[in-house]
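Residues: numbered from 1 along the sequence shown.
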Amino acid sequence: MESAIPDHLVTTRTRHRRVPDDYAPPYPSYVARSATSVRQVVMAYLGLQHDGDDPPPGLLAPIDAALAAADGPGHHDRARGDGETVSIAYWDDPEQFDRWWDAHRDSWLGDGVRDGNGRWAEVLRPTVEEHETLFSSTGRPEGVAVLAEGLSGEVQEHGYWGGMRDRIPLSQTDAMAPVGEPVVERDGGRVRVRPQHAACLIRSGQDWTDTDGAERVMYLEEVEPVLRAGMDFLRDEGSAVGCRTNRYLTVVEDARPVDRTFGMSWWRSLDALERWSESHPTHVAIFGAAMRYLTTTGPSARLRLYHEVSVAAADEQYFEYVDCRPGTGLSGNG
């Protein structure tokens with residue numbers, strides 16, 4: 001049994017874990033293991049707003065060209081939902097990202113490409129001490145884990161409330177408490193947000209590609225609707241529980257939706273995310289549906305689950321929105 005925190009990031013604790021040293025989790029889970037040389041990653045969410053499910057032809061060409069250009073990301077994927085197409089790109093070298101952003105930002109957000117369609121960028125660059133991952137199975141990494149050297153063996157810090165915090169290396173010495181509030185700065189149709197300290201971003205996904213028969217029916221008819229209801233609550237009413245914004249997105253490949261979705265949400269703090277997860281009726285319902293599913297399917301379950309969670313300083317966040325709908329992302333938090 002391994003610790004989720006890699007050896008080179010272990011330090012003398014001043015804050016205790018939620019479980020004792022001899023805790024044994026009820027089922028296996030795994031985390032991404034990056035090279036020890038990686039000190040910081042970049043997660044860039046680049047959104048396009050449009051009518052209907054599909055974006056008009058050609059509007060994604062600038063970002064497609066940029067993603068394929070020099071200094072482009074080590075991994076990227078794409079997803080859609082609620083009239084937005086989002087390209088998600090990952091780097092494990094912030095200087096490489098900076099060169100890329102300097103070369104291609106204007107092709108996405110510059111005044112010369114404004115055509116009435118909203119475009120936005122939400123970028124996070126957490127250090128390796130400030131983020132964690134979790135996977136229910138091996139063999140198919142998602143998100144930032146694609147950049148890692150591989151996945152761990154079975155880890156200890158999961159299967160209990162508080163495991164998310166305990167997997168973040170910074171939690172060994174820091175409460176990761178939020179400071180301040182986002183400040184929205186408007187310049188006509190262009191909106192920038194000056195971030196708060198210790199904002200929290202989670203991407204939490206599910207992949208039912210490998211399911212079939214009764215298991216697939218059970219997921220689509222008994223689990224997914226409950227999950228969607230929770231995601232809709234966070235989108236529409238999340239501010240009451242500390243969720244700044246939430247998107248529930250379907251992954252697309254070759255412009256077609258596939259059997260993978262994820263929720264992507266910004267929170268005022270890790271603590272707010274924990275409180276919703278532990279006690280709010282919408283997440284209690286999600287947890288209950290998932291447990292019934294896993295109890296029924298047992299070890300043969302083919303559903304794959306994962307998430308990545310980051311808590312970052314103010315200078316490690318960037319938000320810009322151009323000609324977007326009212327309330328897009330953090331633009332409505334001012």
task: Kindly determine whether R140 and D210 satisfy salt bridge (Lys or Arg N to Asp or Glu O under 4.0 Å), including the steps that lead there.
output: CA-CA 12 Å; R140 195 178 297 164; D210 296 338; 3.0 Å; yes
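- The aromatic rings of W101 and F97 lie parallel to each other, with less than 30° between the two planes, well short of the 60° mark.
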field: From CA spacing to verdict: side-chain contact (heavy atoms from CB on, under 4.5 Å), Y90, E308
entry: CA-CA 12 Å; Y90 296 89; E308 56 193 41; 2.7 Å; yes
Decide side-chain contact (heavy atoms from CB on, under 4.5 Å) for V10 and Q172; before the verdict, give the C-alpha distance in whole Å, the side-chain angles of both, and the deciding distance to 0.1 Å.
CA-CA 8 Å; V10 171; Q172 298 170 101; 4.0 Å; yes
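- Residues I168 and V311 form a side-chain contact, since some pair of their non-hydrogen atoms from C-beta on lies under 4.5 Å apart.
- The line from SG of C243 to CH2 of W276 is 8.0 Å long, rounded to the nearest 0.5 Å.
- Taking every heavy atom of both residues into account, L330 and V193 meet most closely at O-CG2, 3.7 Å.
- A centroid separation of less than 6.0 Å is found between the aromatic rings of H280 and F233.
- The cationic group of R119 lies under 6.0 Å from the six-membered ring centre of W108 and within 45° of the ring axis, placing it in a cation-pi geometry.
- Using a 4.5 Å cut-off on side-chain heavy atoms (C-beta onward), H307 and T133 make no contact.
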**OP:** I would like to know whether R105 and D98 meet salt bridge (Lys or Arg N to Asp or Glu O under 4.0 Å); could you show each step before the answer?
**Re:** CA-CA 10 Å; R105 176 200 165 278; D98 288 338; over 6 Å; no
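- Between E278 and R18, at least one side-chain nitrogen of the basic residue sits less than 4.0 Å from a carboxylate oxygen of the acidic one, meeting the salt-bridge criterion.
- We find the NE2-CD distance between H131 and Q40 to be 9.5 Å, quoted to the nearest 0.5 Å.
- Ionic pairing of D64 and R78 is present here: one or more N-O contacts between side-chain nitrogen and carboxylate oxygen are shorter than 4.0 angstrom.
- The CG atom of L234 sits 10.5 Å away from atom OG of S239, with the distance rounded to the nearest 0.5 Å.
- Summarising the local packing, CG of D53 is surrounded by 12 or fewer heavy atoms from other residues, nucleotides or ligands at distances under 6.0 Å.
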Checklist line | Chi angles and distances behind the side chain to side chain donor-acceptor pair (under 3.5 Å) call for Q196, R244 | finding: CA-CA 12 Å; Q196 63 161 89; R244 304 287 194 194; 2.6 Å; yes
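- Side-chain contact check for E142 versus F135: some heavy-atom pair is nearer than 4.5 Å.
- We find the OG1-CD distance between T127 and E316 to be 6.0 Å, quoted to the nearest 0.5 Å.
- The aromatic ring centres of Y45 and W120 sit 6.0 Å or more apart.
- Side-chain rings of Y27 and H158 approach one another, their centers coming within less than 6.0 Å.
- The same ILVMFWY cluster, assembled from side-chain heavy atoms under 4.5 Å apart, contains both M231 and W267.
- Taking a cutoff of 4.0 Å between a charged side-chain nitrogen and a carboxylate oxygen, R80 and E84 do not qualify as a salt bridge.
- Note that OH of Y318 and CD of E122 are 11.5 Å apart. Values are rounded to the nearest 0.5 Å.
- A salt bridge links D259 and R216; the closest N-O separation between the charged side-chain nitrogens and carboxylate oxygens is under 4.0 Å.
- A 4.5 Å side-chain heavy-atom check between R228 and D232 finds at least one atom pair inside the cut-off.
- Electrostatic pairing of E157 and R17 counts as a salt bridge here, judged by a charged N lying under 4.0 Å from a carboxylate O.
- In terms of hydrophobic clustering, with Ile, Leu, Val, Met, Phe, Trp and Tyr side chains grouped at heavy-atom distances under 4.5 Å, W91 and V146 are assigned to different clusters.
- Between the CZ atom in R203 and the CG atom in L249 there is a gap of 8.5 Å [rounded to 0.5 Å].
- For CG of D115, the number of neighbouring non-hydrogen atoms (other residues, nucleotides, ligands) closer than 6.0 Å is greater than 12.
- Counting all heavy atoms, side chain and backbone alike, Q156 lies closest to D22 at NE2-C, 4.2 Å.
- Ion pairing between a basic and an acidic side chain is recognised when a charged N comes within 4.0 Å of a carboxylate O; D82 and R247 show no such pairing.
- Between Y293 and W208, the distance separating the two ring centers is not shorter than 6.0 angstrom.
- Sorted by first and then second residue, the pairs that involve residues 165-174 and meet salt bridge (charged side-chain N to carboxylate O under 4.0 Å, His left out), not counting sequence neighbours, are E132-R167, R165-E274.
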- [ ] Walk me through it: do R190 and D111 pass the test salt bridge (Lys or Arg N to Asp or Glu O under 4.0 Å)?
- [x] CA-CA 9 Å; R190 187 177 299 276; D111 287 337; 2.7 Å; yes
